[in-house]
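Some notes on the structure that comes next.
In each ligand, atom 1 is the first atom listed, and ligand 1 is the first ligand listed. Keep in mind that this is a model prediction, so the values were computed, not measured.
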Amino acid sequence: MDATCPECAGKLEPKHKLELGEIFGCPDCGSRLEVLGLEPLKLAAAPSVEEDWGE
Ligand SMILES: [Zn+2]
């Protein structure tokens, strides 16, 4: 699966299948990205809240 960070346009290569609503961090810029759609893949910067997402 191919993804691009909406913040830094860096290429993301998720190691696992993304799930709707999942939030993960961009390895390049560290932005928190939320998965808004899967087909096609749609990402948006997630509002920064408490660091409570583990990983
Ligand atoms: Zn990024």
Side-chain angles (χ1 to χ4, degrees):
M1 186 184 291
D2 246 23
T4 302
C5 173
E7 293 293 295
C8 71
K11 189 166 185 184
L12 305 172
E13 292 177 2
K15 292 187 180 68
H16 60 280
K17 195 174 184 342
L18 295 175
E19 290 176 32
L20 208 57
E22 182 174 347
I23 292 178
F24 63 98
C26 171
D28 283 344
C29 67
S31 290
R32 298 159 79 80
L33 307 174
E34 182 172 8
V35 182
L36 296 183
L38 293 175
E39 292 181 15
L41 186 65
K42 190 177 173 188
L43 301 170
S48 28
V49 283
E50 276 183 69
E51 293 283 334
D52 196 27
W53 292 93
E55 275 190 285

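- Of the inter-residue distances, the one linking Asp28 atom CG with Leu12 atom CG reads 7.0 Å to the nearest 0.5 angstrom.
- For the residue pair Pro6 and Ala45, the shortest heavy atom distance occurs at CG-N, 4.2 Å.
- Protein N/O/S atoms closer than 2.8 Å to the Zn ion (ligand 1), listed by chain and residue number, are Cys5 SG, Cys8 SG, Cys26 SG, Cys29 SG.
- Scored by the side-chain contact (heavy atoms from CB on, under 4.5 Å) test, Lys42 finds Leu36 as partners (sequence neighbours excluded).
- Here the CG-CD1 distance, from Leu43 to Ile23, works out to 11.5 Å after rounding to the nearest 0.5 Å.
- Pairing each heavy atom of Glu7 with each of Leu33, the nearest pair is CG-CD2, 4.4 Å.
- Contact between Leu18 and Leu38 at its shortest, heavy atoms only, is O-CD2, 3.6 Å.
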